[in-house]
Number of protein chains: 2
Amino acid sequence: MKGIRQLAKHLDISIGTVSRALNDKPDVNEETRKRVLAAAEELGYVANQSGRSLRQGTTNVIGLMIESSKETVENSDNFFLGLTGGLQSVLARHKLDLVMLPCPSDEDPYEYLKRMVARRVVDAMIISATQRIDRRIDLLVKAKIPFVALGRSSSGGNYTWIDLDFEGVAASAVDRLVAKGHRRIAIAAPSSDINLGYVFVDAYQQSLERHGIPYDPKLVIRVKSSEQGGYQAGHELLLLDNKPTAIILIYELMAIGLYRRLVEAGVVPGRDLAVIGFREEPRAKFLQPALTCFRMSLRDLGVELAETLLATMPAFAKFYPKGARNTIWPLELVPGESDAFFLNP
Amino acid sequence: MKGIRQLAKHLDISIGTVSRALNDKPDVNEETRKRVLAAAEELGYVANQSGRSLRQGTTNVIGLMIESSKETVENSDNFFLGLTGGLQSVLARHKLDLVMLPCPSDEDPYEYLKRMVARRVVDAMIISATQRIDRRIDLLVKAKIPFVALGRSSSGGNYTWIDLDFEGVAASAVDRLVAKGHRRIAIAAPSSDINLGYVFVDAYQQSLERHGIPYDPKLVIRVKSSEQGGYQAGHELLLLDNKPTAIILIYELMAIGLYRRLVEAGVVPGRDLAVIGFREEPRAKFLQPALTCFRMSLRDLGVELAETLLATMPAFAKFYPKGARNTIWPLELVPGESDAFFLNP
DNA sequence: CTGAAAGCGCTTACAG
DNA sequence: CTGAAAGCGCTTACAG
């Protein structure tokens, strides 16, 4: 089976009718439609996507751009794979397919995205790991490609995004620690220019202020968002003159490295130092003592991302009356033992 | 900037010349080529992929199919993301792009692949997690789509694959344990129909035989390929009447769950029970005592996969004289402490 | 309800 | 070296 032409010839009808039957258009004789569908199934005919795309001006493919830097590969969990389930469950309603576009680590993400967008391989894009200044957003806005960003940014003006509730996490963590008597609370923040670092540190600062605790820049420890970064954070923390009694982590895998460094130094998390981790993570689950952290559903986030994205696409907006919007995605506290103790005054 | 037509008009030359200049064809005036490239860069013109694909009959896209079952999402590490670096470094030589195609968990992988193949969204495919009987392979062979499978299978006859050296791992693990005095060696094997399970158990059996150790089916513990599976394996091992003194794991994350169950039972890995894990994994690195396991480079495997795939593609075979082939990918033993003790006779 | 035809944006023989 | 034209495989007004 080659193309629609052969299928039409085989059925002895025109290609127009075959196309209409296959695409569920009205005004096709039911009998004819059945014959066409049966023959297509039998001969394994499926319309060539390039032909469709060219004619329709739409690819019916949604791209999820992922950055596969060495750091991401070694340290990220399956964050993106976790999103795909929710994304696909929504996209499937509209017969849209999801493809993941891994940006090569030696290619500039901006150039990569530009190329993908210009070639029109997808109808819309999901980007993530937004930077404080992120030219990708300006690019997408300017190219008028529907998109949603997982993460806020200073770039792009009024674009559509969903972001995790870093403010809520920071406030909740600080409140919890202060309630247990902590006043010197450190934070491990990313050394990169990723936007969430700014948001998190700001929120941390404001939370301290609410409790009348002076902000000490020495307690903001800048490290890589990785297990190694967590180890490094532990290391630097131990070198501080006026040691903090608690630390809040901004990235899930940091906890593993941090615990490791603390154990080496004979410091017991949850007894000598209070630790609050970020996102609950299968890999960090077995840490002893159990890590206090925050829970969210990647699947639900995927659903929200997809529905928000579709709301920005002219062809689907009507199904999503909530419209393109900006959403702060909540996380739920999961109390553990890593911050259970009360500080003696 | 819309299409090649506008670009040509802007330059006041024909679209044919524009196309030839952009595609590095010979017989284009150097001056003209420069003008075209400059104008394309300036106006941000990149050829529409659908138009190219339709005309050329090739998409210049390679698909990497990944299955995103709940189990994979929660437990697999970034195995696939780890491959992309190596894959892309080879594909970039030929201006081929890599897309990851995540099969929705509620869709049959066979149907998903069939749809992707029929729509001609990719020129060639990489599949993985091959089953003992895997209809996807028959499908790809029949459809004459170039492909390479990461994993052997009984299906498909003489197809192109790369697979890990499970035989070598099993032999090396058994030899090592026997040398330390072990005679009752258990193995945690996958409960699914994935082909590597068969290969691994067979190799384990043969290795025992070489040492004249009788095969005891009770020592083959079938569990899920996950951290939880490892926990379960530990649990079942502890219930055995005639307990093994050693266990070989077939999946990297099992070690974490196994350790957890052993610790609960007061059984110390590396003292009371010898443990040999499978692939070295960042997440399992911090296990105490350090896990004896096997190392491989995902990046190098990605390179090998890409080069093998290209050898199966008529347009690129000439660059890869080694041709389409079947490769057993070696792993290197990384000695740890988890099996360091000698068994008292 | 169906068919004939146009045209989506490209690349590529072919002619000059 | 360049231009004019055909045609890749579809979908979709348009005519009947």
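Residue numbers begin at 1 in each chain, while the letters A, B, ... track the order of the sequences. Since this is a predicted model, take the numbers as computed values, not measurements.
For the pair D24(B) CG and dC1(D) C1', the computed distance is 16 Å after rounding to whole Å. Atom pair E30(A):CD and dT2(C):C1' shows a separation of 15 Å (rounding to whole Å applied).
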Just by protein heavy atoms under 4.0 Å, how would nucleotides 6-16 of chain D read 5' to 3' in B, S and -? BBBBBBBB---
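Residue D27(A) is in base contact, counting any heavy-atom pair closer than 4.0 Å across all strands shown. Looking at heavy-atom distances under 4.0 Å, S53(A) makes no contact with the nucleic acid at all.
In this structure, a donor-acceptor pair under 3.5 Å is present between the side chains of D123(B) and T59(B). Looking at R52(B) and N23(B), their side chains do bring a donor and an acceptor atom within 3.5 Å of each other. Judged purely by distance below 3.5 Å, without hydrogens or angles, the side chains of T17(A) and S14(A) pair a donor atom with an acceptor atom.
Using the six-membered ring where Trp is involved, H94(B) and F316(B) have ring planes that are tilted, between 30° and 60° apart.
I62(A) has its side chain out of reach of V99(A): every pair of non-hydrogen atoms, C-beta onward, lies at least 4.5 Å apart. For the pair T130(A) and L150(A), the minimum side-chain heavy-atom distance is 4.5 Å or more. With contacts defined as side-chain heavy-atom distances shorter than 4.5 Å, the pair R135(A)/D108(A) qualifies.
In plain terms, the two heavy atoms of P102(A) and M100(B) that are nearest each other are CG-SD, 3.9 Å.
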Both distances under 3.5 Å, Watson-Crick or G-U wobble: on that basis, could you give the dot-bracket string for DNA chain C, with [ ] for crossing pairs and | for other-strand partners? |||.||||||||.|||
